[in-house]
Participant: 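Have a look at this one.
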Amino acid sequence: MTSNEIRTKFLAYFKSKGHTVVPSSSLIPDDPSVLLTTAGMQQFKPYYAELDPTVTVHPSIGKPIGRNACSVQKCFRTSDIDEVGDATHLTMFEMLETSALAATLRKKPLPMRTNS
């Protein structure tokens, strides 16, 4: 299976479970607390902190995300930047992310993640 097939199957699976598919955000986030996007949940941080995902329009999709979202987020690795460049340390990767943005539904995604 290719990496593109993995991405496609991941997004299709969670979309079939009612998640909104959100495209990857920039590696340089609109967040003054970080320099680079280092995690898949970075673009959803405002929804965990203060914004209502059911009414706030997401800039990438032009509509509210809703209660659940999924994404394949480009990320930059910084935790061991001094080690980058050898055979086991990369600087960029993609993180497959699912987010339960509504507090009342946070129990639902875990069983979906373990489905085969």
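We count residues from 1, following the sequence as given.
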Participant: Does the side chain of T2 pick up a donor-acceptor pair with the side chain of N4 at under 3.5 Å?
Facilitator: no
Participant: With sequence neighbours excluded, tell me which residues meet side chain to side chain donor-acceptor pair (under 3.5 Å) with K45.
Facilitator: D31, S33
Participant: What heavy-atom pair brings T37 and K74 nearest, and what distance separates the two atoms?
Facilitator: CG2-O, 3.6 Å
Participant: What are the two closest non-hydrogen atoms of T54 and P64, and how far apart are they?
Facilitator: O-CB, 3.5 Å
Participant: Once you round to the nearest 0.5 Å, how far does OG1 of T98 lie from OH of Y13?
Facilitator: 10.0 Å
Participant: Given the rule that I, L, V, M, F, W and Y join up when any side-chain heavy atoms are under 4.5 Å apart, are L35 and F76 in one cluster?
Facilitator: yes
Participant: Between Y48 and F44 (judged by ring centroids, cut-off 6.0 Å), do the two rings come close enough to count as a pair?
Facilitator: no
Participant: Please answer whether the main-chain N or O of L101 pairs with a side-chain N or O of S99 as donor and acceptor at a distance below 3.5 Å.
Facilitator: no
Participant: Over 60° means perpendicular and under 30° means parallel, so classify the ring planes of H58 and Y47, tilted if in between.
Facilitator: parallel
Participant: Please lay out, stage by stage, how T20 and N68 fare under the test side-chain contact (heavy atoms from CB on, under 4.5 Å).
Facilitator: CA-CA 6 Å; T20 300; N68 299 296; over 6 Å; no
Participant: Under the side-chain contact (heavy atoms from CB on, under 4.5 Å) criterion, do C75 and E94 qualify, and how do the steps go?
Facilitator: CA-CA 6 Å; C75 298; E94 289 180 313; over 6 Å; no
Participant: Ignoring hydrogens and angles, state whether a donor on the side chain of Q73 or Q42 is under 3.5 Å from an acceptor on the partner side chain.
Facilitator: no
Participant: Show the numbers, then the answer: is there a side-chain contact (heavy atoms from CB on, under 4.5 Å) between L27 and M92?
Facilitator: CA-CA 10 Å; L27 282 173; M92 295 181 70; 3.1 Å; yes
Participant: Within a 6.0 Å radius of atom CD1 on I6, are there more than 12 heavy atoms belonging to other residues, nucleotides or ligands?
Facilitator: yes
Participant: Working to the nearest 0.5 Å, report the span between CZ of R7 and CD of E5.
Facilitator: 10.5 Å
Participant: As an exercise, state the distance from CD1 of I61 to OG of S71, rounded to the nearest 0.5 Å.
Facilitator: 10.0 Å
Participant: Walk me through it: do K9 and M1 pass the test side-chain contact (heavy atoms from CB on, under 4.5 Å)?
Facilitator: CA-CA 10 Å; K9 285 180 182 274; M1 185 178 296; 3.7 Å; yes
Participant: So which heavy atom on C70 is nearest to which on H19, and how close?
Facilitator: SG-CB, 4.1 Å
Participant: Name all residues meeting the side chain to side chain donor-acceptor pair (under 3.5 Å) criterion together with T38; count only those two or more places apart in sequence or in a different chain, and write none if there are none.
Facilitator: none
Participant: So, for Q43 and S24, which heavy atoms are closest and what is the spacing to 0.1 Å?
Facilitator: NE2-CA, 4.4 Å
